[in-house]
K.L.:
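Here's a structure for you.
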Protein chains: 2
Amino acid sequence: MNTILYKDQYRHLLAIDCIIFGYSNEELKLLLFHREIMPAQGQWSLVGGFVNENESVEDAANRVLEGITGLKNIYMEQVSVFSKTNRDPGGHVVSVVFNALIDIEKHNPDLVRDHGAHWWPISKLPNLIFDHGEMVKQALGKLRNKAGFNLIVGELLPKEFTITQLRRLYNNIFQREFDPGNFRKKILSLGILERLNKKDLSDSKKGAYYYKIKEGVSMVLNERIVKE
Amino acid sequence: MNTILYKDQYRHLLAIDCIIFGYSNEELKLLLFHREIMPAQGQWSLVGGFVNENESVEDAANRVLEGITGLKNIYMEQVSVFSKTNRDPGGHVVSVVFNALIDIEKHNPDLVRDHGAHWWPISKLPNLIFDHGEMVKQALGKLRNKAGFNLIVGELLPKEFTITQLRRLYNNIFQREFDPGNFRKKILSLGILERLNKKDLSDSKKGAYYYKIKEGVSMVLNERIVKE
DNA sequence: TCAAAAGTGTTTTTTATACACCCATGC
DNA sequence: GCATGGGTGTATAAAAAACACTTTTGA
């Protein structure tokens with residue numbers, strides 16, 4: 001069996017685009033790229049690239065993500081496929097969109113700068129080329145949906161974080177204020193966080209305990225964490 | 001601007017595979033295809049096909065779905081992309097998977113038969129080729145997730161249906177028994193069903209009112225219908 | 001008249017929300 | 001000693017689940 005079987009089939013240009021989420025200074029941010037190639041040269045776009053021969057779309061996304069952040073094994077999730085024939089004026093390119101969550105403290109800012117990329121707060125995004133605006137919209141919906149059932153957004157925080165830091169992240173993602181007491185109870189009731197013997201003293205005089213996600217615990221909960 | 005810009009890029013074989021859900025005799029079923037081409041000739045597979053030039057993946061899915069069911073405008077939703085380089089021994093084919101929900105009463109059984117396709121109850125599926133088993137698993141998860149928040153599975157029933165018929169469909173999808181009284185209250189509280197002046201007398205002496213989905217009502221609810 | 005599904009009502013349990021209040025401590 | 005976020009407890013409201021009971025009518 002070999003590819004000769006499929007030899008008469010049309011072959012498509014296949015690309016990936018990444019919605020790279022980061023969180024710093026209490027703001028949810030996206031890493032956007034200042035496009036230096038035609039078409040749409042000089043405008044802002046998502047970080048993306050073509051899928052090479054002998055690569056899966058996940059391989060391609062990992063390659064592109066490592067290239068721009070310096071990080072391997074970034075948490076990633078498919079959002080959806082964009083394939084309208086006229087979506088890219090440079091030709092029919094089919095793009096698979098990924099959400100990527102990174103700990104913004106860990107990435108390589110020099111790499112980002114050298115690529116002409118820039119972190120933009122989610123609330124003040126520039127106009128994006130092609131259908132990238134719609135991609136971001138879907139990606140945010142997917143992120144909210146995920147965060148509602150899953151602590152995976154902890155990927156956006158350092159390994160050790162306080163409940164208050166986590167709550168502020170949730171406030172940011174859902175654009176509403178969660179009640180501090182209720183949020184804490186709900187999160188701790190999931191039983192997947194482990195309290196450490198360390199306190200963060202930057203936010204209050206009393207200090208807040210750091211927590212981390214328990215080893216070997218499943219992040220797939222069947223319980224709702226927060227409602228939209 | 002033209003495709004010359006991207007001319008050095010590798011081009012991929014792009015396909016779609018459809019998980020075609022139908023519901024009859026109180027069983028959830030999938031339409032599977034008896035594969036008559038190499039590789040894996042003679043085995044069962046999902047219904048699929050290559051994406052042609054100047055087609056979006058949705059176009060391709062619609063084309064394939066119409067070809068085998070005779071129906072247009074089938075409800076469809078992306079599941080995810082499968083692109084491991086070794087997933088198809090006949091060559092590297094990237095496949096976009098779609099869930100499709102059809103009213104099994106409306107499809108063209110002759111077309112299905114002529115294509116060598118067959119309806120299989122979800123509980124007794126044959127072994128599927130390649131990664132199609134994993135595709136079905138993801139598709140079912142997606143269907144459950146959707147059905148938990150959305151009445152879209154009404155697509156699997158005739159336009160007019162009783163609450164009991166809808167409940168039995170939900171029982172089938174979630175593989176559990178919903179309480180008749182509570183299910184009825186919950187569904188009706190959504191306010192998206194309209195009672196008709198007709199009764200179905202096939203299931204009981206008393207007869208059950210038919211309902212239909214109200215015109216122009218949004219199917220996108222922010223409320224949970226059932227829990228898994 | 002009775003079995004069986006349709007449909008309604010009531011009770012209990014669980015979960016979400018609102019909010020009061022004590023704690024610890026640097027200033 | 002007081003302002004501030006950390007953390008706990010409690011009261012209320014809303015939603016889910018369990019289940020009793022009434023209705024209808026063909027066999």
Side-chain angles (χ1 to χ4, degrees), chain A residues 25-26 144 147-151 157 160-212 221-228, chain B residues 25-26 144 147-151 157 160-212 221-228:
Chain A
N25 295 119
E26 301 191 14
R144 289 209 179 101
F149 288 94
N150 205 295
L151 264 194
L157 296 172
E160 306 182 347
F161 51 85
T162 67
I163 304 289
T164 302
Q165 285 165 3
L166 184 63
R167 175 169 53 82
R168 290 201 181 122
L169 171 57
Y170 267 84
N171 288 346
N172 223 289
I173 291 174
F174 288 92
Q175 289 294 299
R176 69 187 195 83
E177 291 283 317
F178 291 98
D179 178 277
N182 294 338
F183 184 85
R184 156 179 262 92
K185 263 179 293 184
K186 181 73 199 186
I187 294 293
L188 293 179
S189 78
L190 301 173
I192 66 177
L193 292 187
E194 178 182 339
R195 198 175 81 176
L196 305 176
N197 257 328
K198 284 202 284 183
K199 282 194 165 191
D200 165 49
L201 298 166
S202 64
D203 269 343
S204 75
K205 323 293 161 76
K206 183 179 176 183
Y209 282 107
Y210 280 110
Y211 288 78
K212 66 167 188 173
L221 308 169
N222 198 10
E223 195 178 346
R224 191 146 201 167
I225 301 177
V226 299
K227 268 205 269 194
E228 303 207 18
Chain B
N25 295 118
E26 301 191 16
R144 289 209 180 102
F149 287 95
N150 202 297
L151 264 195
L157 297 171
E160 306 181 348
F161 52 84
T162 67
I163 304 289
T164 301
Q165 285 165 3
L166 184 63
R167 176 170 52 82
R168 291 203 180 120
L169 171 56
Y170 267 85
N171 287 346
N172 223 287
I173 292 174
F174 287 92
Q175 289 294 299
R176 69 188 195 84
E177 291 284 317
F178 291 98
D179 178 276
N182 294 337
F183 184 84
R184 167 184 308 278
K185 263 178 293 186
K186 181 72 199 186
I187 293 293
L188 293 179
S189 78
L190 301 172
I192 67 177
L193 292 188
E194 178 182 339
R195 197 175 82 176
L196 306 176
N197 256 328
K198 284 202 287 183
K199 282 194 165 189
D200 165 50
L201 297 166
S202 65
D203 269 344
S204 75
K205 323 293 161 75
K206 184 179 177 183
Y209 281 107
Y210 279 110
Y211 288 78
K212 64 168 190 173
L221 309 168
N222 198 12
E223 194 179 345
R224 192 146 200 167
I225 301 177
V226 299
K227 266 206 268 194
E228 305 208 16

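Below, chains carry the letters A, B, ... as their sequence lines are ordered, and counting in each starts from 1.
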K.L.:
So which protein N/O to nucleotides 20-26 of chain C N/O distances come out below 3.5 Å?
P.N.:
unit_1	atom_1	unit_2	atom_2	d
C/dC23	O2	A/Lys206	NZ	3.3

K.L.:
Looking at side-chain heavy atoms only, is the closest gap between B/Arg168 and B/Thr164 below 4.5 Å?
P.N.:
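Touching, per the 4.5 Å side-chain cut-off.
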
K.L.:
Which heavy atom in B/Tyr209 sits nearest to a heavy atom in B/Leu196, and how many Å separate them?
P.N.:
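In this case the closest contact between B/Tyr209 and B/Leu196 is CD2-O, 3.4 Å.
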
K.L.:
If you assign A/Lys185 and B/Glu223 each to the DNA chain D nucleotide with the nearest heavy atom, which residue ends up on the more 5' nucleotide?
P.N.:
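That would be A/Lys185.
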
K.L.:
Under 4.5 Å between any side-chain heavy atoms of A/Leu190 and A/Glu223, yes or no?
P.N.:
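With C-beta onward as the side chain, the pair touches.
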
K.L.:
Looking at B/Phe161, is its backbone amide N or carbonyl O close enough to the side chain of B/Asp200 to form a donor-acceptor pair, meaning the two atoms are under 3.5 Å apart?
P.N.:
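Here the side-chain-to-backbone pair does not exist.
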
K.L.:
I'd like to know if the side chain of B/Arg224 and the backbone of B/Gly148 have a donor-acceptor N/O pair within less than 3.5 Å.
P.N.:
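Flag not set: sc B/Arg224 to bb B/Gly148 has no pair under 3.5 Å.
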
K.L.:
Is there a donor-acceptor pair under 3.5 Å between the side chain of A/Tyr170 and the backbone N or O of A/Ala147?
P.N.:
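Answer holds: yes.
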
K.L.:
From CD1 of B/Ile187 over to P of C/dG7, roughly how many Å is that when rounded to an integer?
P.N.:
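Whole-Å distance recorded here is 14 Å.
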
K.L.:
How close or far is atom P of D/dA15 from atom CG of B/Leu190, stated in whole angstroms?
P.N.:
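Those two atoms, CG and P, are 12 Å apart.
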
K.L.:
Within residues 164-178 of chain B, which residues have any heavy atom lying less than 4.0 Å from an atom of DNA chain D?
P.N.:
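The answer is none.
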
K.L.:
For the pair made of CG in B/Leu193 and P in C/dG7, what is the distance, rounded to whole Å?
P.N.:
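B/Leu193 atom CG is separated from C/dG7 atom P by 12 Å.
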
K.L.:
Could you state the atom-to-atom distance from CZ of B/Arg184 to P of C/dT8 in whole Å?
P.N.:
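After rounding, the gap between these two atoms is 7 Å.
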
K.L.:
Please state how far atom CG in B/Asn182 lies from atom P in D/dC21, giving the value in whole angstrom units.
P.N.:
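So the CG-P distance, B/Asn182 to D/dC21, works out to 16 Å.
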
K.L.:
NZ of A/Lys227 versus P of D/dA15: gap in Å, rounded?
P.N.:
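Atom NZ in A/Lys227 sits about 6 Å away from atom P in D/dA15.
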
K.L.:
By the 4.0 Å heavy-atom rule, please label A/Asp179 as base, sugar-phosphate, or nothing.
P.N.:
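Answer is base: heavy atoms of A/Asp179 come under 4.0 Å of a base.
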
K.L.:
Could you tell me the separation between the OH atom of A/Tyr210 and the P atom of D/dG6, rounded to a whole number of Å?
P.N.:
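Distance, rounded to whole Å: 12 Å.
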
K.L.:
Please identify each residue that fulfils side chain to side chain contact (heavy atoms under 4.5 Å, CB included) with B/Lys185, with sequence neighbours left out.
P.N.:
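Checked B/Lys185 against side chain to side chain contact (heavy atoms under 4.5 Å, CB included); matches are B/Asn182.
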
K.L.:
In Å and rounded to the nearest 0.5 Å, what is the CZ to CG distance from A/Arg167 to A/Asn171?
P.N.:
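Spacing of CZ (A/Arg167) from CG (A/Asn171) equals 6.0 Å.
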
K.L.:
Taking the six-membered ring for Trp, are B/Phe183 and B/Phe178 parallel (under 30°), tilted (30 to 60°) or perpendicular (over 60°)?
P.N.:
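Ring orientation of B/Phe183 relative to B/Phe178: tilted.
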
K.L.:
Between A/Ile225 (CD1) and C/dT15 (C1'), how many Å, whole number?
P.N.:
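It works out to 15 Å between those atoms.
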
K.L.:
From the options D/dC19, C/dT17, D/dG6, select the nucleotide whose nearest atom is closest to the side chain of A/Asp203.
P.N.:
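So the nucleotide nearest the side chain must be D/dG6.
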
